[in-house]
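These notes concern the structure reproduced below.
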2 protein chains.
Amino acid sequence: MEKPRESNVERLRTGILEMIEELGLGFGDRLPTEKEMVERFHISRPTLREALKLLEQEAVIDSHQGKGRFLAAGALLSIARPITKFESVSQMVSSHGYTAETRLLGFSAVPADPVTAERLAVAEGTPLVRVERLRSSGGQPLVYSVDWLPRALVGEGLEGTPDWSGSLVALLDRGGRRPVASTANVRAVLLPDEVSGLHGLEEFGPALLIEEVCYAACGTRVIYAMDYHRGSAFSFSFVRK
Amino acid sequence: MEKPRESNVERLRTGILEMIEELGLGFGDRLPTEKEMVERFHISRPTLREALKLLEQEAVIDSHQGKGRFLAAGALLSIARPITKFESVSQMVSSHGYTAETRLLGFSAVPADPVTAERLAVAEGTPLVRVERLRSSGGQPLVYSVDWLPRALVGEGLEGTPDWSGSLVALLDRGGRRPVASTANVRAVLLPDEVSGLHGLEEFGPALLIEEVCYAACGTRVIYAMDYHRGSAFSFSFVRK
DNA sequence: TTGTCTCAACTTGTTTGACAAGTGAAACGT
DNA sequence: ACGTTTCACTTGTCAAACAAGTTGAGACAA
């Protein structure tokens, strides 16, 4: 049932990067010709060209008709874990080197207000679940987060309470609605007063707020999240071009 | 002598986006088949597929063998300026709807300290220029920024002072070293005390700090920048997948 | 010798045609 | 009514060819 997450062209793309490494090519050096690469990877020229186009778009290589392909600026700037890589908050926290503990601050059934309804593309008043959690490491609060999920997606509520303190990703995965992508935006804020007051987060300091709408593979929106990342603990990398 | 800045595939890519707009397609909708698009754009299938692969990588469309191509999460952001798009601070400010005024807070010739030298890939002690500026709009401070540039790149200093209050991009462009990409990271901070005290920015509030190293097309690093974006005025979008 | 021109070889860009593989629905038989 | 097969349609991959831009060697003339 599991799809190969990496398409053929994707695999080829990383193969080309490995080849560049192997050959010890540096900035401005010329790549092997299409003909040579076709032989090396045992694939056809159109397929190879699709992979090369990806690297062109990433500014890793530069192509000139009649001359060849050359390593460009983007080759220098490959980022290990960019902000554009979708991952759960738990994954993100541990990838920053923290061992996270999750504390459930509260959850409740609420109707969708106009803003949230628009974000999740549901009708106003649709039953939602609001989950409020705090990730900490060694007693230091790291991420304060609020998530909204359509009630219909997380069990029918018959058996009472799912494990809200666990991973929402895992919970949705059981219903075949695992989030795989999101549209997000980021800004700098302070924690809202009522939050810092209620949960003893007066020392949290400036926060990086990532507000995102998560999508399942089938296209339905499954989570609207607001994650406040403690400014002194997190930074995110990316490439601009 | 001027090369067509837009390759054929590039042009085709925007053509597809326009077509999506025209057809009024929304998230999850199916795109026309390759066959139909080949007829519409009068190009061959491999060429079309190169353009489609680009949009796939941008998460604008999603492809499934046997089923078709579908609009994905990235389509919602293709209009908004994503954080991953390289642009100057001035461009960014005006794209957020502000009319920016730039005030030069100071500049000086400094030797490269260890950290800055590593960022710019120059030897420690290399002569640099440090430029400190503040962008405002209607009296409201928006972005406080500090830039370091190798002295050698910005005129030889014979004629005294270049126009530091203008665009650094334009300045570097004259030397053929226009920055075109960067590696960046983002975090939430407060303005350093000495900065807010010296320049009357006590009310600036939490700031989104984007720290980036800019590259010219030829691969040399031309700017090391720290841009403090006022949290209450800016937010940046992006797609995660 | 020196400089210029021509041309052939090589590179990427594009097209055409074909087949493989996955999908879904209609047609079919039980 | 239900499961199965078949078939049309989609994307994925391949092969061969020509167009267009670049380079360099060799012919040629001064």
* Structure fact -> note: M37(B), atom CE; dT11(D), atom P; distance rounded to Å ~ 7 Å
* Any side-chain heavy atom of Q57(B) sitting closer than 4.5 Å to one from K53(A)? -> no
* Quickly work out the K35(B) NZ to dC9(D) C1' distance and round it to whole Å. => 10 Å
* Structure fact -> Between I61(A) and the options L31(A), L54(A), L25(A), the side-chain contact (heavy atoms from CB on, under 4.5 Å) test singles out L31(A)
* Structure fact -> Readout for nucleotides 4-9 of chain C: B = base within 4.0 Å of protein heavy atom, S = sugar-phosphate only, - = neither; 5' to 3' it is ------
Taking only N/O atoms, report every protein-nucleotides 14-20 of chain C pair under 3.5 Å with atom names and distance.
{"unit_1": "dT14(C)", "atom_1": "OP1", "unit_2": "N8(B)", "atom_2": "ND2", "d": "2.6"}
{"unit_1": "dT14(C)", "atom_1": "O4", "unit_2": "R45(A)", "atom_2": "NH1", "d": "3.2"}
{"unit_1": "dT15(C)", "atom_1": "OP2", "unit_2": "S44(B)", "atom_2": "N", "d": "3.1"}
{"unit_1": "dT15(C)", "atom_1": "OP2", "unit_2": "S44(B)", "atom_2": "OG", "d": "3.0"}
{"unit_1": "dT15(C)", "atom_1": "OP2", "unit_2": "T47(B)", "atom_2": "OG1", "d": "3.0"}
{"unit_1": "dA18(C)", "atom_1": "N6", "unit_2": "R45(B)", "atom_2": "NH1", "d": "3.1"}

* Side-chain heavy-atom pair R119(A), V115(A) within 4.5 angstrom cut-off -> yes
* Donor-acceptor under 3.5 Å (H229(B) side chain, D227(B) main chain) -> yes
* Calculate the interatomic distance between L52(B) atom CG and dG12(D) atom C1'; express it in whole Å. => 13 Å
* **Nearest-angstrom distance from the residue atom CZ of R69(B) to C1' of dT11(D)** => 6 Å
* **Electrostatic pair E34(B):R69(B) at N-O distance under 4.0 angstrom** => yes
* Min side-chain heavy-atom separation R221(A)-V122(A) under 4.5 Å -> no
* Asked: Between S63(B) and dG12(D), is there a side-chain N or O to OP1/OP2 distance below 4.0 Å?
  -> yes
* **Atom-to-atom span, CG of L12(A) to P of dG12(D) - whole angstrom** => 14 Å
* K67(B) NZ to dA21(C) C1', straight-line distance once rounded to whole Å -> 15 Å
* Asked: Side chains of V186(B) and F236(B): closer than 4.5 Å at any heavy-atom pair?
  -> no
* What's the CG-P distance between L48(A) and dG12(D), to the nearest Å? -> 17 Å
* Evaluate the side-chain proximity of M19(B) to P32(B): yes if any heavy-atom separation is below 4.5 Å, no if none is. => yes
* Structure fact -> Residues at least two apart in sequence or cross-chain that pass side-chain contact (heavy atoms from CB on, under 4.5 Å) with Q91(B), listed by chain then number, are E87(B), S88(B)
* To do: Round to the nearest Å and state the distance from D62(A) atom CG to dT22(D) atom C1'.
  => 16 Å
